[in-house]
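Okay, structure first, notes after.
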Amino acid sequence: MRRIVITGASAGIGEALARYYAGPETVIGLIARRRGTLQALAGSLPGRFEIYALDVSDTAALERAAADYCSRHGAPDLVIANAGISVGTHGDDPADVEKLSRVLATNVIGLAASLAAFAPAMRAAGGGTLCGIASVAGMRGIPGAGAYSASKAAVIKWLESLRAELAGSGVAVVTICPGYIDTPMTRVNRYRMPFLLPADEAARRFARAIAARRRFTVIPWQMGLVSVLLRLLPPWLYDRLAARAPRKPRNLPL
C-alpha cells in the first residue's frame with residue numbers, strides 16, 4: 001500500500017495530483033479547508049482516503065492530522081505541500097501588507113508546517129519524499145504580485161535548506177517550480193499566459209519529477225528557460241521590462 005499526503009487537495013493542482021495518484025493500492029491523506037469538496041473528491045476516486053479539513057497555516061491542526069494519519073497507516077511515502085494562495089498586491093499600499101501576511105502564512109508557513117509535521121516519522125522510517133510546490137514567480141519580483149513572488153522565493157530557499165538538513169536520512173526533498181497551470185488561481189488573470197498547461201498534464205509531469213527525486217525542476221521546461229533568462233537580466237533591464245508587465249487582480253478573496 002502506497003501512502004501519500006497532499007495539501008491544497010480540493011482544487012487545481014492538488015486535486016489533479018489526487019486524481020493521478022488515486023488507486024486500489026494507495027491511501028491518500030487529503031488536506032484542504034473545504035471538507036465537503038474533499039469528501040466529494042474522495043467519493044469519485046478509487047483507493048482509500050483520509051480527509052483533514054484544516055487551514056495549513058494552523059500548525060497545531062496539521063500536527064494532529066499528521067499524528068492521526070501516521071497512527072493509522074504509518075509514515076507516508078510521499079508528502080506534497082501544494083496549498084497556496086495568490087492575490088494582486090502593490091508594495092506602496094499599506095492596505096496590502098495584510099495581504100502579504102496572509103499569503104506568507106499559507107504559502108510559506110503552511111508549506112513548512114506541512115512538511116515538518118510528517119518529516120520525523122519519515123526520517124524514523126528511513127525513506128520517503130517531501131515535495132514542495134514553489135513557482136517560477138519566485139525567481140524575480142513580479143510587479144503586482146510581490147506577495148506571491150516573495151512567498152515562492154522563500155519556499156525555494158526553505159526547501160533547499162531542508163534538503164541539506166535531511167541529507168543521509170533517506171528522505172528526499174523535491175522542489176517543483178511550475179509556470180502557468182490552468183487552475184482557478186490562474187483563470188482570473190487577464191493577460192496572456194505562455195506555455196499554459198492543463199492541470200492533469202501538470203500532475204503527470206510533477207509525478208515524473210517526484211519519482212525521479214529531482215532536487216529542483218521547473219515545469220514545463222520552456223518556463224525553465226524563461227526562468228534562467230529572468231535571473232540573468234541585470235536589475236536595470238529587468239526593472240524596465242517589468243514596469244510594463246500586466247498586473248494580477250487585487251480584489252481576489254483569500
Side-chain angles (χ1 to χ4, degrees), residues 7-8 10-14 16 32-33 55-57 81-112 114 132-160 175-199 202 206 216-220 222-254:
T7 72
S10 61
I13 295 172
R33 290 178 290 182
D55 189 314
V56 293
S57 63
N82 162 77
I85 57 176
S86 178
V87 66
T89 51
H90 280 186
D92 60 351
D93 187 342
D96 281 3
V97 175
E98 178 57 34
K99 295 181 187 176
L100 170 63
S101 177
R102 183 72 180 92
V103 170
L104 291 176
T106 298
N107 295 5
V108 183
I109 304 303
L111 175 138
S114 298
I133 307 302
S135 172
V136 171
M139 307 295 186
R140 299 295 296 249
I142 307 299
Y148 188 72
S149 289
S151 72
K152 293 305 184 178
V155 162
I156 291 168
K157 297 308 179 186
W158 181 268
L159 293 170
E160 187 173 51
T175 303
I176 296 178
C177 288
Y180 291 112
I181 311 297
D182 183 14
T183 68
M185 184 184 293
T186 60
R187 288 173 198 149
V188 301
N189 294 339
R190 298 188 295 267
Y191 49 82
R192 179 178 172 272
M193 293 178 283
F195 314 118
L196 181 71
L197 280 180
F206 287 17
F216 182 94
T217 188
V218 178
I219 295 172
Q222 294 94 331
M223 287 302 292
L225 295 180
V226 172
S227 70
V228 170
L229 292 174
L230 285 174
R231 283 178 287 178
L232 290 175
L233 287 176
W236 69 267
L237 180 55
Y238 178 77
D239 291 351
R240 181 175 297 179
L241 295 173
R244 298 194 293 268
R247 306 293 200 262
K248 193 174 186 73
R250 298 174 67 196
N251 59 347
L252 302 176
L254 289 175

Which heavy atom of [X] sits nearest to which heavy atom of [Y], and what is that distance?
X: Ala16; Y: Ala199; value: CB-O, 3.5 Å
X: Ala134; Y: Pro178; value: O-CD, 3.2 Å
X: Val218; Y: Ser227; value: CG2-OG, 4.2 Å
X: Gly8; Y: Ala83; value: N-CB, 3.7 Å
X: Gly88; Y: Lys99; value: O-NZ, 3.4 Å

Gap between atom [atom2] of [Y] and atom [atom1] of [X] - 0.5 Å precision:
X: Thr183; Y: Leu197; atom1: OG1; atom2: CG; answer: 11.5 Å
X: Leu230; Y: Met139; atom1: CG; atom2: CE; answer: 8.5 Å
X: Ile181; Y: Met193; atom1: CD1; atom2: CE; answer: 10.5 Å
X: Thr175; Y: Lys157; atom1: OG1; atom2: NZ; answer: 10.0 Å
X: Ile176; Y: Ser135; atom1: CD1; atom2: OG; answer: 12.0 Å
X: Tyr180; Y: Arg192; atom1: OH; atom2: CZ; answer: 9.5 Å

Is the backbone N or O of [Y] less than 3.5 Å from a side-chain atom of [X], with the two atoms forming a donor-acceptor pair by type?
X: Thr7; Y: Asn82; value: yes
X: Arg140; Y: Ala242; value: no
X: Ser149; Y: Gly146; value: no
X: Thr89; Y: Ala147; value: yes

Do the non-hydrogen side-chain atoms of [X] and [Y] ever get within less than 4.5 Å of each other?
X: Trp158; Y: Val108; value: no
X: Leu159; Y: Leu111; value: yes
X: Tyr148; Y: Asn107; value: yes
X: Val87; Y: Arg102; value: no
X: Phe206; Y: Ile133; value: yes
X: Asp96; Y: Leu100; value: no
X: Ile109; Y: Ser57; value: no

Test side chain to side chain donor-acceptor pair (under 3.5 Å) applied to Ser114 - qualifying residues, sequence neighbours left out: none
